[in-house]
Engineer: 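Quick one: structure below, then a few questions.
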Protein chains: 2
Amino acid sequence: MIHEPAACAGRMLAIRDTVELLSGKWKIQIIGTLVFENSMKFMELKRNIPGIGAKMLSKELQELEINQLITRTVCDTKPITVEYKITPYGLTLEPIIAELATWGANHRKHLFSNSN
Amino acid sequence: MIHEPAACAGRMLAIRDTVELLSGKWKIQIIGTLVFENSMKFMELKRNIPGIGAKMLSKELQELEINQLITRTVCDTKPITVEYKITPYGLTLEPIIAELATWGANHRKHLFSNSN
DNA sequence: CAGGATCCGTGACGATACTG
DNA sequence: CAGTATCGTCACGGATCCTG
């Protein structure tokens, strides 16, 4: 963590890249559950992420797949079924997810201790 | 990091909270520069974040201030000047920012090694 | 210089209905 | 069940002008 202007600019660019990759209302949540569960069916994901619609889930999953963060596998079960799995590269995001989770948990306590 | 359903739901909630707090196109970048520079004038921030407009910068700063992540101080200089500073609580976000930055940097290498 | 007021376009997002 | 197609909306975000 050096503090020169050039390094700072590069750091900002890196941040921008990551944020853009995880843009959208649901991507972080999707990655968050897949990092934990490793693998999940479309319907399970939909149930696990309250409020998301099929269209949005489908779209976000496609974008995540394009970026090599997850894989999509069609299982030939009775009614067709699709399994989404996090890739090794996607697992790389785990530290970010973990930080977001622990910060959010602490934030709850913070709000509470301020008598909210 | 236990793996029971209840803990999972709580974790998702925490993630959601954090993401919401940092929602918007610019908040993470603003926090990112303030975590580094600690304190900055409005105009410096605007120069430091390419593409942002005065209205957006102002709005995002207000929301960050409401959430106790930064402070706003009016300096009575010749033409008035406002200084934004990260709070101790705001500094708490540093691990998240750091993770985003290092991941983004690695992502660049990843894309390069895949001959893009 | 900081930032509010106003106007406006775009696209992200949602609901519904439909196919294989 | 998984996904697409179609349609509609609203708020996010940008450009410009104006004030203390």
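All of these numbers come straight from a predicted model, not from anything done at the bench. Quick note on labels: first sequence line is chain A, next is B, and so on, each numbered from 1.
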Engineer: Quick check on D/dC1: is either OP1 or OP2 less than 4.0 Å from any side-chain nitrogen or oxygen of A/T77?
Structural biologist: no
Engineer: Got a sec? Which of residues 16-24 of chain B come in under 4.0 Å of DNA chain C, heavy atoms?
Structural biologist: none
Engineer: So for atom CD, which belongs to B/E20, do other residues, nucleotides or ligands contribute more than 12 heavy atoms lying within a distance under 6.0 Å?
Structural biologist: no
Engineer: In whole Å, I'd like the distance from the NZ atom of B/K46 to the C1' atom of C/dC1.
Structural biologist: 12 Å
Engineer: Students often mix this up, so state it plainly: with edges at 30° and 60°, are the rings of A/H110 and B/Y89 parallel, tilted or perpendicular?
Structural biologist: parallel
Engineer: Starting at atom CE of B/M40, determine the distance to atom P of C/dA2, rounded to an integer number of angstrom.
Structural biologist: 12 Å
Engineer: Using the closest heavy atom to pick a nucleotide of DNA chain C for each, name whichever of A/K55 or A/I80 lands nearer the 5' end.
Structural biologist: A/K55
Engineer: Just the rounded figure in Å: distance from C1' of C/dC13 to CD1 of A/I52.
Structural biologist: 10 Å
Engineer: Do B/L69 and B/F36 belong together in a cluster built from hydrophobic side chains that touch within less than 4.5 Å?
Structural biologist: no
Engineer: Is a donor from one side chain sitting under 3.5 angstrom from an acceptor on the other, for A/T87 and A/Q68?
Structural biologist: no
Engineer: I want to confirm an ordering. Mapping B/M43 and B/K59 to their closest nucleotides on DNA chain C, which one lands closer to the 5' end?
Structural biologist: B/M43
Engineer: Would you confirm whether B/K27, through its side chain, and B/S23, through its main-chain N or O, come within 3.5 Å as a donor-acceptor pair?
Structural biologist: yes
Engineer: Rounded to the Å, how far apart are A/L57 CG and C/dG14 C1'?
Structural biologist: 14 Å
Engineer: Give the nucleotide from the list D/dA2, D/dG13, C/dC13 with an atom nearest to the side chain of B/K25.
Structural biologist: D/dG13
Engineer: Return the value, rounded to whole Å, for the distance between atom NZ of A/K78 and atom P of D/dA2.
Structural biologist: 14 Å
Engineer: How many Å lie between NZ on A/K41 and P on D/dA2, as a whole number?
Structural biologist: 8 Å
Engineer: Provide, to the nearest angstrom, the distance between the CD atom belonging to B/E63 and the C1' atom belonging to C/dG4.
Structural biologist: 15 Å
Engineer: Check every atom of C/dC1, D/dC1, C/dA2 against the side chain of A/T81 and return the nucleotide holding the closest atom.
Structural biologist: D/dC1
Engineer: Please report the distance, rounded to the nearest Å, between CE in A/M56 and C1' in D/dA2.
Structural biologist: 16 Å
Engineer: Looking at A/I15, A/L22, A/D17, A/T18, which hits side-chain contact (heavy atoms from CB on, under 4.5 Å) with B/W103?
Structural biologist: A/T18
Engineer: Under 4.0 Å between any heavy atoms, over every strand shown, what does B/Q62 touch: base, sugar-phosphate, or nothing? Just pick one.
Structural biologist: sugar-phosphate
Engineer: Tell me whether B/I80 is reachable from B/L57 by hopping between hydrophobic residues (I, L, V, M, F, W, Y) whose side-chain heavy atoms are closer than 4.5 Å.
Structural biologist: yes
